[in-house]
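Here's the structure we're looking at; comments come further down.
The figures that follow rest on heavy atoms only: side chains count, while hydrogens, waters and symmetry mates do not. These figures come from a predicted structure and were not determined experimentally.
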Amino acid sequence: MDLHSITAYDIARDRADLAFEDGAAPLGGGTWLFSEPQPHLHRLVDLSGLDWPAVTRHPDALEIAATCTVERLAALSDEAEHLAAPLFRQCAEALLASWKIWKRATVGGNICLSFPAGAMISLATALDADAVIWTTDGGERRIPVADFVLGVASNALAPGEILRSIRIPLHALNSRTAFRKIALSPLGRSGAVVIGRRDDGGVTLSITASTVRPYLLRFTKVPSAQELSDALARLVPATSYYTDAHGAADWRRAVTAVLAEEIRTELSNTALPNTEVQP
């Protein structure tokens, strides 16, 4: 929709252009920003002029720019370079969006909105990604994406800071993964997303969409069903499960436990395909 309160639209060309006074906001893909009125804003700063490479490969990590589109991210699944490659498209498809949105929506925008159903949050949390944040003093800091999201529409960005990228460590990309999503309707917004990762004998389980913020459960080996159940009860508070039009908290808690057990079973077997389930 038209944003009638916007009186200035600037395109950032370098870091010096990233100055945000009250009423100014960065613009990535804009798919959410232009979806509803923003009466508190008067200026937008378009990040596309910074020309950040969508994907950068480092010796120890894969760096995904905040301005990387969901479409470009999903395409990484077509590259068989890493064992966890299927997860990129699985998480992209967990984002309730048309192909047109895929072409515009950005990884950074999805993470910075910090909504429970943020599929890029699910991906980054499951793969132990760090958020690379540009600070207002010209420096940068890093924080695990699992800690970056603090609650519903709340994150660790300080005023004036920008999410530059996420960095996924190579060891996570070379891990075996298992993915589960459930929603109240076949094409509905995620009610729960549970992703498991197995590497060096250990298992990491991420819980997103069903809770107000991401949760990570780590085990030194594949847990038993009872160990997993106990960990869920101990580490994911009942009060953290979320209620909205896409699912009640008690339902989300119940299906999270079911999906987690499916993940545990899959990762304890030698090789089973990643799957997605719907009610």
Side-chain angles (χ1 to χ4, degrees), residues 1-58 61-73 76 95 97 101-115 118-121 123-125 127 129-169 213-214:
M1 63 169 58
D2 292 334
L3 301 181
H4 299 291
S5 63
I6 301 299
T7 58
Y9 184 97
D10 299 325
I11 299 177
R13 301 297 182 185
D14 55 42
R15 188 166 180 174
D17 296 329
L18 300 178
F20 303 99
E21 72 280 6
D22 287 344
L27 171 66
T31 55
W32 177 81
L33 195 64
F34 284 91
S35 71
E36 60 182 53
Q38 309 289 343
H40 62 293
L41 296 180
H42 65 83
R43 185 170 75 96
L44 298 178
V45 180
D46 190 337
L47 303 181
S48 64
L50 295 167
D51 291 327
W52 291 335
V55 178
T56 304
R57 289 173 171 80
H58 301 283
L62 184 70
E63 184 171 16
I64 310 295
T67 50
C68 175
T69 65
V70 172
E71 181 182 57
R72 176 66 182 90
L73 179 99
L76 291 173
L95 178 65
I101 296 296
W102 270 32
K103 287 182 175 296
R104 296 295 302 172
T106 62
V107 172
N110 188 259
I111 292 173
C112 288
L113 281 174
S114 302
F115 294 155
M120 301 299 98
I121 298 171
L123 173 75
T125 299
L127 292 178
D130 280 345
V132 179
I133 299 168
W134 277 4
T135 56
T136 56
D137 61 1
E140 73 173 39
R141 63 187 179 95
R142 298 186 185 185
I143 182 174
V145 174
D147 297 328
F148 176 85
V149 178
L150 304 177
V152 179
S154 174
N155 60 53
L157 282 178
E161 291 186 335
I162 286 287
L163 177 63
R164 168 61 179 86
S165 62
I166 62 170
R167 286 178 64 106
I168 303 171
R213 68 168 183 82

Does Glu161 come within less than 4.0 Å of Arg141, counting only side-chain N to carboxylate O?
yes
Where at least one partner belongs to residues 148-157, residue pairs that pass side-chain hydrogen bond (donor to acceptor under 3.5 Å, both in side chains), sequence neighbours excluded:
Ser114-Asn155
Answer yes or no: is there a side-chain heavy-atom contact under 4.5 Å between Asp10 and Asp46?
no
Please answer whether the main-chain N or O of Asp14 pairs with a side-chain N or O of Asp17 as donor and acceptor at a distance below 3.5 Å.
yes
What I'd like to find out is whether the side chain of Leu41 reaches to under 4.5 Å of the side chain of Leu33, using heavy atoms alone.
yes
Considering only NZ, NE, NH1 and NH2 on the basic side and carboxylate oxygens on the acidic side, decide whether Arg104 and Glu71 come within less than 4.0 Å.
no
Answer yes or no: is there a donor N or O on one side and an acceptor on the other, between the side chain of Thr67 and the main chain of Asp51, under 3.5 Å?
no
Decide yes or no on salt bridge (charged side-chain N to carboxylate O under 4.0 Å, His left out) for Arg57 and Glu63, but give the supporting numbers first.
CA-CA 6 Å; Arg57 289 173 171 80; Glu63 184 171 16; over 6 Å; no
Qualifying residue for side chain to side chain contact (heavy atoms under 4.5 Å, CB included) with Ile143, from Asp130, Val132, Ile133, Leu157
Ile133
Check whether any side-chain heavy atom of Val149 sits under 4.5 Å from a side-chain heavy atom of Phe115, and report yes or no.
no
Show every ring pair (Phe, Tyr, Trp, His ring centres under 6.0 Å) that has at least one partner inside residues 134-168, sequence neighbours left out.
Trp52-Trp134
Heavy-atom side-chain contact between Ile166 and Val107 under 4.5 Å:
yes
Test item: Pro26 and Phe20 side chains (from C-beta on) under 4.5 Å apart, heavy atoms:
yes
Decide yes or no for Trp102 and Leu73: does some side-chain heavy atom of the first lie under 4.5 Å from some side-chain heavy atom of the second?
no
Could you tell me whether a side-chain N or O of His42 sits under 3.5 Å from a main-chain N or O of Asp22, the two making a donor and an acceptor?
yes
